[in-house]
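The structure under discussion appears below in the form of structure tokens.
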Amino acid sequence: MDFQPVKGTRDFYPDAVRVRNWLFDTWRRVAARNGFEEYDSPIVEYLDLYTAKSGEGIVSELFHLTDRGGRDLAIRPETTPALARMVNARINSLPRPIKWFCIQRLCRAEKPQRGRSREFFMWNVDVIGADSTLADAECVFTAVDFLREVGLGPDDVQVRIGSRPLVIARLRAAGVAAARIDAALLALDKRPKVTQDEFEKLARGAGLTAEQTREICGFLDADPRAALDEMRCDEAMRPHVERVDELLAALEAMGAGDYCTPDWHIVRGLAYYTGIVYEAFDAAGSVPRAVAGGGRYDNLLEALGGPKVGATGFGMGDVVLGILLDQKGKIPPEATARALEYFVIDGDASRRTAVLETVGRLRRAGLSADFSYAGRPLGKQLKDADRRGARRALILFADGTAAVKDLATGEQHDTTVEALLDA
RNA sequence: GUGGAUGUAGCUCAGUUAGGUCAGAGCACCUGGUUGUGGUCCAGGGGGUCGGGGGUUCGAAUCCCCUCAUCCACCCCA
């Protein structure tokens, strides 16, 4: 029998777990300093939670199962519906704004490829109970704060900010019927990825006339900030323009302006987004997928049986991010280094018991310590120490003295176990 | 779900074109180079039914068919 990992899943050997832990630690640290608290939800939910509002895209990729009571369940493919469920359950007792984050393992049954696996981790950061654009700004800032933390600058990654209501208003102004808006948005999303001919075909397929397509292209291809200025004069557009203005101004004030740029192509695939939306991309374009994405979803809590409460947030997956970090060489050496403090060695077979005693004392004092099981020559034990990734070797000599050797520099000096414990 | 490419040791690959010492290399791993010092070096060793199954042939990693898996693109999405 030859067993393989299930399609689209990954094994994490210790070196990969070290990198993953570094990533999670960084996510947690950044979320915490931005004022978000960690929560978590179950790995399975009732299927209905997702079929209700997430949209066809998610539902078609669900891993679903039936429990022994005949209930339809799904392995969570995203976090947001469960977050909405949890918040709805306590909406009257939670102080607002609710600023929560989580790091979750998610599953989607899509075809695995570069940047996409069937099991992955996502960092989710949300603000619930605030209609202010400052909530969106905080989410974008948190994403940018993380990118900067790991050494990705504005030349590496750009957050492209769009506005669904703004684009919808623009489409309506061009005479696009309400029923065709969703299809038109999908076509717009493809605009940067296809040729003019292909785009025109997509637009035709979405039910736009040649005239409407020309008008939309004029809008999309113009400088986004200039388009913003132009629309500011239009009474119907103004509220949406002002939200974008406020967001960009807030990000500028917080010092994240250089990471952000308006881009009306960004409309997002999930059905529940209602307002400002954004995606973070590799600026060089060598990673073709969004590193992170999010936006405002003001109707989701209500749609899941709660009150009408404004909400906004983003998700960042580990797969695309991992490719980008790897490509840019941004995974620091300390993320891959092992952290064994002492490797205790006997300089003579008579000290074997002393090695055990010393290892025990170090460990009980909270210091990491390891040793060789087999009695071996000193040189071999040092080799073991090196291969176990120890920072220092502690050598116990036959005459009762001890020395600590820094394995990186080779420096060695006499010491006692007591001195190490006091240090 | 659709199309394309690829599957030889843990990893990176050679060998497949014209079937016959073709089961190999480097790295990794283990052991030794012995009794007070590692990361170098030297020697030795373990490990692959050549993705799996069937077929053609005296003979198949090599040719044919099927299948599985992986990767890439589409779709959708983080």
Near-ring test A:F24/A:W123, centroid separation under 6.0 angstrom: no
Please confirm whether any donor atom in the side chain of A:Q381 sits under 3.5 Å from an acceptor in the base of B:rU37, or the reverse. no
Rounding to the closest angstrom, what is the interatomic distance between B:rC50 and B:rG7 at atom P? 15 Å
Tell whether A:K380 reaches the base of B:rG38 with its side chain through a donor-acceptor pair below 3.5 angstrom. no
If only side-chain N and O atoms of A:R116 are considered, is one of them under 4.0 Å from the OP1 or OP2 phosphate oxygen of B:rC75? no
Give none if B:rG39 has no partner; otherwise give the nucleotide forming a Watson-Crick or G-U wobble pair with it, both distances under 3.5 Å. none
With no angle test and no hydrogens, is the base of B:rG38 tied to the side chain of A:D386 by a donor-acceptor pair under 3.5 Å? yes
Could you tell me the separation between the CG atom of A:D282 and the CG atom of A:L152, rounded to the nearest 0.5 Å? 9.0 Å
Using a cut-off of strictly less than 4.0 Å, decide whether A:R376 has a side-chain nitrogen or oxygen near OP1 or OP2 of B:rG36. no
Check for me whether A:R105 meets the cation-pi criterion with A:F121, that is, NZ or CZ under 6.0 Å from the six-membered ring centre and within 45 degrees of the ring axis. no
Please confirm whether A:F101 and A:Y39 have ring centers closer than 6.0 angstrom. no
Closer than 4.0 Å, any side-chain N/O of A:K7 to the OP1 or OP2 of B:rU70? yes
Please compare A:V320 and A:L407 by the position of their nearest nucleotide in RNA chain B and report the one closer to 5'. A:L407
